[in-house]
2 protein chains.
Amino acid sequence: MKAEFALGTVEVAMTPMERFEDYLQSRGKRMTQQRRVIVEQVFSHHEHFDADDLLKELGDGVGEAQNIGRATVYRTLDQLTEAGLLRKMNLEGRSVYEHDYGYPAHDHLHCQRCNKLIEFSSEQFKELCDAVGREHGFRVTGLRLIVQGVCADCLAKQHRPTRPLDLV
Amino acid sequence: MKAEFALGTVEVAMTPMERFEDYLQSRGKRMTQQRRVIVEQVFSHHEHFDADDLLKELGDGVGEAQNIGRATVYRTLDQLTEAGLLRKMNLEGRSVYEHDYGYPAHDHLHCQRCNKLIEFSSEQFKELCDAVGREHGFRVTGLRLIVQGVCADCLAKQHRPTRPLDLV
DNA sequence: CTTTGTGCAAAGCGTTTGCACTATT
DNA sequence: AATAGTGCAAACGCTTTGCACAAAG
């Protein structure tokens, strides 16, 4: 899954690895070889990914280290989310992750044709949500906004091979 | 799943059943006994529901008619969505449905404690989304905004049995 | 040496599909 | 009669879990 990144980064004191180590230590959990490899892989590029993407990337060590099991990947992704390093969202039933630590709050435009996720800053949305929440005596803890549509690239192409369901 | 409904209704010319019949006819599909029963059940109350809720409600005929199969329920929900009678959204992996026909556009506050969905009118959100879309050359076709948080009722209770993960 | 983590394979969960049978048109 | 729809059960895709073995503290 590709993505466009229009947003900068946020200054942080620790590397993701260090922060994860802190998190683990504070909970009496252990830093393992597998977790190290996963953190390195996850933060080696800034793309949206799901468990399977990561599993494939990890398998691409081609003969290097031993393979990391599917269960370990799922368990570690949960922990990275818990630790505030990753943000998890739900796209058509699958869990999709992105960097949270050191990255500003944002939401997404989702292209229904090419499946691309485009990020945009959501300050105004946050304010609107807070206002709506206040009206309802609701304490807003987070929002997950995914705007569906068709991206500029796909609109430009417009091959329309017999136009599947356009204007219907 | 309970819901609060602060919004009114929209005047429509046909009943949901009539509209569904039109939809089916226009596609060479047939109106069956099962579809009739499902439409009646679905539009007999205005609540958010998933396939399993509906399946249970249909089973509650207690000895009356024959049971309607799981597959038929899923297939009919798809068609009702296609026909514009239902709106489908994704809540934590499951598909959740609500009336679309004869009901104004809105979005939801989702209480993470009691799982309630509270509706709110989203005109301003729509405008913001369109603006954001324009900035990115993106044609917005729809938005699905679910604001997470804690509802007024749950905030009022605040039993906090040893406070699970508050302020952590 | 104790306890947490791992990998595997099996189970789980919501949803979809293949197929023989039934009902609508 | 012709064809679309149904119910069942099996398959599906993603995720979680149980368990014996490995490794971190």
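Chain naming here is simple, since letters A, B, ... match the order of the sequence lines and numbering starts at 1 in each. Computed from a predicted model, the values in this text were never measured in an experiment.
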For nucleotides 1-5 of chain D, print each protein N/O atom paired with a nucleotide N/O atom at under 3.5 Å, atom names and distance only.
from, atom 1, to, atom 2, distance (Å)
D:dT3, O2, B:Arg30, NH1, 2.7
D:dT3, O2, B:Arg30, NH2, 3.0
D:dA4, O4', B:Arg30, NE, 3.3
D:dA4, O4', B:Arg30, NH1, 3.3
D:dA4, O4', B:Arg30, NH2, 3.4
D:dG5, OP1, B:Arg30, N, 3.3
D:dG5, OP1, B:Arg35, NH1, 2.8
D:dG5, OP1, B:Arg35, NH2, 3.1

**Item:** Atom-to-atom span, CE of B:Met89 to C1' of C:dT15 - whole angstrom
**Value:** 18 Å
**Message:** B:Asp22: which residues meet the salt bridge (Lys or Arg N to Asp or Glu O under 4.0 Å) condition with it, sequence neighbours left out?
**Reply:** none
**Asked** Could you state the CZ-C1' distance from B:Arg36 to D:dT6, rounded to the nearest angstrom?
**Response** 15 Å
**Asked** Which pairs count as salt bridge (Lys or Arg N to Asp or Glu O under 4.0 Å) when at least one residue sits in residues 125-138 of chain A, sequence neighbours excluded?
**Response** A:Lys126-A:Asp130
**Asked** To the nearest Å, how far apart are A:Leu77 CG and C:dG5 P?
**Response** 15 Å
Write out a two-atom table: protein N or O, nucleotide N or O from nucleotides 14-18 of chain D, distance below 3.5 Å.
from, atom 1, to, atom 2, distance (Å)
D:dT15, OP1, A:Ser95, N, 2.8
D:dT15, OP1, A:Ser95, OG, 3.3
D:dT15, OP2, A:Tyr74, OH, 2.6

**Message:** I need the CZ-C1' distance between A:Phe20 and D:dA24, as an integer number of Å.
**Reply:** 14 Å
**Complete:** Residues passing the ring-ring contact (aromatic ring centres under 6.0 Å, His included) test with A:Tyr97, sequence neighbours excluded, are A:Phe49
**Request:** Can you establish whether the number of heavy atoms outside A:Glu18 located under 6.0 Å from its atom CD is more than 12?
**Result:** yes
**Asked** With sequence neighbours left out, what residues match A:Phe120 under ring-ring contact (aromatic ring centres under 6.0 Å, His included)?
**Response** A:Phe125
**Message:** Distance check needed: D:dA23 P versus A:Gln33 CD, whole Å only.
**Reply:** 11 Å
**Item:** Length of the line joining A:Ile38:CD1 and C:dG7:C1', which is rounded to integer Å
**Value:** 12 Å
**Item:** Nearest-angstrom distance from the residue atom CG of B:Asn90 to C1' of C:dG14
**Value:** 11 Å
**Request:** For A:Arg30, enumerate each residue passing the salt bridge (Lys or Arg N to Asp or Glu O under 4.0 Å) test, keeping only those at least two apart in sequence or located in another chain.
**Result:** none
**Message:** Please enumerate all residues that pass side chain to side chain contact (heavy atoms under 4.5 Å, CB included) together with B:Tyr74, with sequence neighbours excluded.
**Reply:** B:Ala51, B:Arg70
**Request:** Take the protein atom CD of A:Gln25 and the nucleotide atom P of D:dA24, then report the distance between them rounded to whole Å.
**Result:** 15 Å
**Prompt:** Can you name the residues that form a side chain to side chain contact (heavy atoms under 4.5 Å, CB included) with A:Arg35, not counting sequence neighbours?
**Reply:** A:Phe20, A:Leu24, A:Lys29, A:Met31, A:Thr32, A:Thr76, A:Gln79
**Request:** Could you verify whether a donor N or O on one side chain and an acceptor N or O on the other, from B:Gln148 and B:His108, lie under 3.5 Å apart?
**Result:** no
